[in-house]
Amino acid sequence: MAQAKIQAKMNEAACSKFSRTLSMADRSGRLLETLDQLEIRVEALREAASAMEQERESILEMIQSLQNSQEMRNICPGEREELTLTADRLMGRTLCVEISIGTIRNPQQEEALQKATSIIDEIVKKLLSDMEGARHQLLALHAACVTEAPPVPIDQKFQAVVISCALEDQKKIKRRLETLVRNTENAEKNIKIMDHQKLDDTKSKFGTS
């Protein structure tokens with residue numbers, strides 16, 4: 001009789017352990033499923049934040065382009081002042097929007113990002129003194145960031161630095177270079193237009209004298 005009770009207890013404990021194991025596995029599965037769903041939401045959140053960051057950059061670039069455009073210079077002073085005030089207000093409001101997306105980096109990636117940033121910063125400093133030369137250097141840096149074969153020489157050293165950066169940093173470096181190249185091209189166009197107008201004015205003066 002006692003032996004039967006002991007055996008019954010052992011069987012009961014085994015069944016209880018088996019049920020508990022199934023329950024733990026079930027809970028673990030549910031938790032894992034929840035984490036998978038959260039991971040999808042986190043990635044969607046980061047992508048949305050990145051899209052907002054790019055939209056902010058695009059708006060700022062458009063405002064700056066408008067402020068420096070030939071159209072702005074061709075209107076009367078009163079209208080120009082009013083439009084400038086509006087552009088400044090929009091610029092201020094856009095700058096107040098702060099979007100920060102952190103990137104997890106190892107020490108090597110951190111060092112590579114600092115090197116890449118330093119290289120670009122040095123070229124940006126040359127824009128005022130040698131815009132044409134600096135633009136060609138920026139194009140060579142940008143060529144190092146694209147997968148398709150570029151029509152300009154590639155800066156091989158910069159390419160090695162960029163490859164060592166985190167993937168998100170690589171995208172930001174490429175975006176920054178694209179913006180800088182566009183800005184320098186627009187600046188060169190504006191300078192040529194202003195110089196052409198100056199020549200036209202000179203011809204008109206000589207023609208009427």
Side-chain angles (χ1 to χ4, degrees), residues 1-65 90-121 124 138-139 141-150 154-183:
M1 185 70 175
Q3 186 67 32
K5 286 184 178 181
I6 292 172
Q7 188 62 43
K9 283 286 184 183
M10 289 176 64
N11 291 338
E12 184 179 328
C15 290
S16 175
K17 183 179 180 181
F18 184 68
S19 298
R20 187 164 60 250
T21 302
L22 283 178
S23 177
M24 288 173 64
D26 187 50
R27 283 198 297 270
S28 178
R30 285 200 298 269
L31 290 171
L32 182 60
E33 183 180 350
T34 301
L35 287 172
D36 287 341
Q37 293 173 353
L38 286 171
E39 184 172 14
I40 293 172
R41 291 177 63 181
V42 167
E43 288 306 310
L45 174 65
R46 291 180 67 88
E47 288 177 7
S50 179
M52 290 177 64
E53 188 177 52
Q54 293 180 52
E55 175 66 5
R56 179 181 184 271
E57 292 172 0
S58 176
I59 291 172
L60 289 172
E61 186 179 349
M62 290 177 68
I63 294 172
Q64 290 174 336
S65 177
L90 292 174
M91 176 74 76
R93 293 193 60 177
T94 306
L95 289 171
C96 286
V97 178
E98 297 182 359
I99 304 162
S100 178
I101 308 172
T103 301
I104 299 174
R105 308 179 185 93
N106 60 37
Q108 291 77 19
Q109 291 172 333
E110 190 73 46
E111 183 181 357
L113 176 61
Q114 291 176 2
K115 284 183 179 178
T117 302
S118 177
I119 292 170
I120 298 172
D121 288 345
V124 170
L138 289 172
L139 286 171
L141 297 189
H142 179 260
C145 300
V146 297
T147 53
E148 63 274 9
I154 298 174
D155 189 316
Q156 302 286 351
K157 291 182 180 179
F158 184 75
Q159 187 176 55
V161 172
V162 173
I163 290 173
S164 300
C165 293
L167 183 60
E168 290 182 358
D169 290 330
Q170 292 180 25
K171 294 177 181 177
K172 289 182 179 180
I173 289 168
K174 180 184 175 184
R175 265 203 332 264
R176 184 187 177 191
L177 288 168
E178 287 172 347
T179 301
L180 285 169
V181 169
R182 277 197 307 271
N183 287 342

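When every heavy atom of Arg105 is checked against every heavy atom of Ala166, the shortest pair comes out as CG-CB, 4.5 Å. The two atoms that bring Val181 and Leu139 nearest to each other are CG1-CD2, 3.7 Å, heavy atoms only. Scanning both residues, Arg56 and Val97, for their nearest heavy atoms gives NE-O, 2.6 Å. Taking every heavy atom of both residues into account, Val161 and Ala112 meet most closely at CG1-O, 3.3 Å.
Separating the CG atom in Leu32 from the CZ atom in Arg27 is a distance of 15.0 Å, to the nearest 0.5 Å. A distance of 5.0 Å separates CD1 in Ile63 from CE in Met91, rounded to the nearest 0.5 Å. Atom CZ of Arg182 sits about 9.5 Å away from atom CG of Leu180, to the nearest 0.5 Å. Taken to the nearest 0.5 Å, the CD1 atom of Ile59 stands 11.0 Å off from the CG atom of Leu95. Leu113 contributes atom CG, which lies 13.5 Å from atom CD of Gln108 (distance to the nearest 0.5 angstrom). Note: Thr103 OG1 to Asp169 CG = 5.0 Å, rounded to the nearest 0.5 Å.
Residues Glu111 and Pro107 are not in side-chain contact: their nearest non-hydrogen atoms beyond the backbone lie 4.5 Å or more apart. Here the side chains of Asp155 and Lys157 are in contact, with some heavy-atom distance below 4.5 Å. The shortest distance between side-chain heavy atoms of Gln109 and Asn106 falls below 4.5 Å. Between Phe158 and Ile173, the closest side-chain pair of non-hydrogen atoms falls below 4.5 Å.
Residues satisfying the side-chain contact (heavy atoms from CB on, under 4.5 Å) test with Glu53, not counting sequence neighbours, are Glu57, Ile99, Ile101, Lys172, Arg175. Residues that satisfy the salt bridge (charged side-chain N to carboxylate O under 4.0 Å, His left out) test with Asp121, not counting sequence neighbours, are Arg176.
Side chain of Ser65 to backbone of Glu61: no donor-acceptor contact under 3.5 angstrom is found. Checking side-chain atoms of Ser28 against main-chain N and O of Met24 turns up no donor-acceptor pair under 3.5 Å. For Ser58 (side chain) and Gln54 (main-chain N/O), no donor-acceptor pair under 3.5 Å exists by modelled atom type. Checking side-chain atoms of Gln170 against main-chain N and O of Cys165 turns up a donor-acceptor pair under 3.5 Å.
Heavy atoms from other residues, nucleotides or ligands lying under 6.0 Å from CD1 of Ile104 number 12 at most. Crowding of Glu98 atom CD: a count of heavy atoms from other residues, nucleotides or ligands under 6.0 Å not exceeding 12.
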